[in-house]
A.B. asks: 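Submitted below is the structure of interest, expressed as structure tokens.
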2 protein chains.
Amino acid sequence: MTHHATQTLLELGYRMTPQRTLVWDVLRQSGEHLTAEQICARVQEQFPHVNMSTVYRTLELLVELNLVKETCLGPSRRYYEVEEEVPHHHLVCEHCGKIVHIHDEDLGNLPRLLEREQGFVAEELTVFGHCLDCGGDHAHP
Amino acid sequence: MTHHATQTLLELGYRMTPQRTLVWDVLRQSGEHLTAEQICARVQEQFPHVNMSTVYRTLELLVELNLVKETCLGPSRRYYEVEEEVPHHHLVCEHCGKIVHIHDEDLGNLPRLLEREQGFVAEELTVFGHCLDCGGDHAHP
DNA sequence: CTCGCTATTGCAATAATGTTGCAACTGCAA
DNA sequence: TTGCAGTTGCAACATTATTGCAATAGCGAG
Ligand SMILES: [Mn+2]
Ligand SMILES: [Mn+2]
Ligand SMILES: [Zn+2]
Ligand SMILES: [Zn+2]
């Protein structure tokens with residue numbers, strides 16, 4: 001576990017445990033969006049007796065401390081990834097499942113428009129649609 | 001159940017049943033985003049023995065026929081609403097839970113931007129953030 | 001209008017995902 | 001080294017959704 005996360009935990013009176021280190025390292029090394037179950041499986045490759053409930057509790061803690069981000073990219077499942085310095089948004093291809101990251105500067109004038117017209121402050125957005133490979137022509141190949 | 005939905009079902013060889021009529025009518029009359037459980041509760045006010053599994057199966061069918069839209073507005077729950085002619089998108093306030101509809105013309109240049117820069121065809125988008133009442137000033141009151 | 005076929009339903013069991021109570025264990029600070 | 005509060009594993013539980021199956025009931029044919 002990097003100095004960053006370790007320090008945050010210890011400063012706040014939490015303890016460093018192998019379980020927490022492993023969950024964090026899995027997320028750092030994968031760089032993907034992982035479900036709790038996927039994280040648990042990868043943790044168990046190195047430490048087989050680690051329990052799902054520990055993984056859930058660890059994720060809950062890391063999310064609370066803003067070290068990990070929880071995202072809903074579809075029904076019935078939560079995905080986790082390391083919280084990055086600069087926030088990002090998601091394009092989700094409904095055909096192949098591919099997920100692409102975009103950043104505030106890719107949003108054009110939408111945030112200003114929503115704030116001006118609706119008084120709504122956009123923080124994170126998810127766009128469902130079809131990616132380049134899956135037919136931008138609406139053909140849903 | 002309106003002529004519209006009835007006809008679609010019958011044309012395709014499905015049968016009209018009181019259960020299907022009730023689910024459809026609940027969705028039409030509410031105009032809100034309802035969970036399967038809420039729909040079932042309202043159906044049971046008029047027809048108490050209707051079962052949850054029937055509601056789920058009915059919703060699955062109506063979604064498949066594009067009569068109802070299923071939306072994921074957060075983890076752990078699916079919401080249903082009547083599919084409208086003109087598609088819409090959602091602003092979800094993470095503080096008070098309020099959901100606002102916006103339409104394509106409220107999106108500014110985002111769809112064109114995504115298509116041009118990412119080759120991504122946006123179909124439906126969900127924006128998480130904070131509504132007017134819940135402090136556009138990031139104060140999260 | 002009646003009949004019969006088969007789509008549909010209710011029910012209970014099961015699945016999938018996440019949460020919690022609790023006794024045993026263990027970081028870590030003194 | 002030691003003690004204790006934070007943490008874990010486990011099993012039970014909670015919530016949301018799906019499925020197998022026998023009983024029921026639409027609806028088209030006659
Ligand atoms: Mn992401
Ligand atoms: Mn809606
Ligand atoms: Zn795709
Ligand atoms: Zn609000």
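To find a chain, count down the sequence lines: A is the first, B the second, and so on, and within it residues start at 1. Heavy-atom basis, side chains included; hydrogens, waters and symmetry copies ignored.
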A.B. asks: Could you tell me how far apart M16(A) (CE) and dT7(D) (P) are, to the nearest whole angstrom?
C.D. replies: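 Whole-Å distance recorded here is 10 Å.
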A.B. asks: Let me know the distance between NE2 of H49(A) and C1' of dT26(C), rounded to the nearest Å.
C.D. replies: 12 Å
A.B. asks: Using whole Å, report how far CD of E60(A) lies from P of dT7(D).
C.D. replies: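 Result: 12 Å.
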A.B. asks: If the cut-off is 4.0 Å, is S53(A) near the phosphate of dA11(D), judged by side-chain N/O to OP1 or OP2?
C.D. replies: no
A.B. asks: Would you tell me if any nitrogen or oxygen in the side chain of Y56(A) comes within less than 4.0 Å of OP1 or OP2 on dG18(C)?
C.D. replies: yes
A.B. asks: Under a 4.0 Å heavy-atom cut-off, which of residues 29-48 of chain B touch DNA chain D?
C.D. replies: E37(B)
A.B. asks: Could you please spell out the steps behind the side chain to side chain contact (heavy atoms under 4.5 Å, CB included) verdict for H89(B) and H103(B)?
C.D. replies: CA-CA 6 Å; H89(B) 315 284; H103(B) 298 86; 5.6 Å; no
A.B. asks: Please report the shortest heavy-atom distance between L62(A) and W24(A), naming the atom on each side.
C.D. replies: CD1-CE3, 4.2 Å
A.B. asks: Does dT19(C) have OP1 or OP2 sitting under 4.0 Å from an N or O in the side chain of R78(A)?
C.D. replies: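 Indeed, a polar side-chain atom of R78(A) lies that close.
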A.B. asks: Rounded to the nearest Å, what distance is computed from the CE atom of residue M52(B) to the C1' atom of nucleotide dA13(C)?
C.D. replies: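 In whole Å, dA13(C) C1' lies 16 Å from M52(B) CE.
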A.B. asks: Over how many whole Å does the gap from L59(B) atom CG to dT16(D) atom C1' extend?
C.D. replies: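 Rounded to the whole Å, the gap is 13 Å.
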A.B. asks: Counting only side-chain N and O atoms of Q19(A), is one of them less than 4.0 Å from OP1 or OP2 of dT26(C)?
C.D. replies: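 Checking dT26(C) against Q19(A), no side-chain N or O comes under 4.0 Å of OP1 or OP2.
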A.B. asks: Consider the side chain of L10(A), meaning its heavy atoms from C-beta on, and name the nucleotide among dC28(C), dG27(C), dT19(D) that approaches it most closely.
C.D. replies: dC28(C)
A.B. asks: List the steps and the verdict of side chain to side chain contact (heavy atoms under 4.5 Å, CB included) for L34(B) and Y79(B).
C.D. replies: CA-CA 5 Å; L34(B) 299 178; Y79(B) 289 84; 5.9 Å; no
A.B. asks: Return the 5'-most residue of the pair V50(A), P18(B) with respect to DNA chain D, ranking by each residue's nearest nucleotide.
C.D. replies: V50(A)
A.B. asks: Answer with yes or no whether R15(A) presents, from its side chain, a donor or acceptor under 3.5 Å of a partner atom in the base of dA5(D).
C.D. replies: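 Yes, the side chain and the base share a sub-3.5 Å donor-acceptor pair.
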A.B. asks: Nearest to the side chain of T54(A), which nucleotide is it out of dG26(D), dG18(C), dG9(D)?
C.D. replies: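 Minimum distance to the T54(A) side chain belongs to dG9(D).
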A.B. asks: Step through it carefully: locate the ring centre of H101(A), locate the ring centre of H90(A), and say whether they are under 6.0 Å apart.
C.D. replies: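 That pair passes the under 6.0 Å test.
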A.B. asks: Go through the N and O atoms of the side chain of R77(B) and the base of dG18(C), and report whether any donor-acceptor pair is under 3.5 Å.
C.D. replies: no
A.B. asks: Please tell me which of G13(B) and S76(B) maps to the more 5' nucleotide of DNA chain C, matching each residue to the nucleotide holding its nearest heavy atom.
C.D. replies: G13(B)
A.B. asks: Is it the case that H88(B) and E81(B) place a side-chain donor and acceptor less than 3.5 Å from each other?
C.D. replies: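 Yes, because at least one side-chain N or O of H88(B) sits under 3.5 Å from a partner of the opposite role on E81(B).
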A.B. asks: Between dT8(D) atom P and L22(A) atom CG, what is the distance in whole Å?
C.D. replies: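 Rounded to the whole Å, the gap is 11 Å.
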A.B. asks: Just how far, in rounded Å, is P of dT9(C) from OH of Y14(B)?
C.D. replies: 12 Å
A.B. asks: Would you say L113(A) and L114(B) are hydrophobically clustered, going by side-chain heavy atoms of ILVMFWY under 4.5 Å?
C.D. replies: no
A.B. asks: Walk me through it: do D25(B) and L22(B) pass the test side chain to side chain contact (heavy atoms under 4.5 Å, CB included)?
C.D. replies: CA-CA 5 Å; D25(B) 288 345; L22(B) 283 162; 5.6 Å; no
A.B. asks: Do S76(B) and R78(A) meet the criterion of a side-chain donor-acceptor pair at a distance under 3.5 Å?
C.D. replies: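 R78(A) and S76(B) do have a side-chain donor-acceptor pair below 3.5 Å.
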A.B. asks: Looking only at N and O atoms, is any donor in the side chain of R20(B) or the base of dG26(D) less than 3.5 Å from an acceptor on the other one?
C.D. replies: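 Such a pair does not exist between side chain and base.
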A.B. asks: Rounded to the nearest angstrom, tell me the gap between atom CZ in R57(A) and atom C1' in dG9(D).
C.D. replies: 8 Å
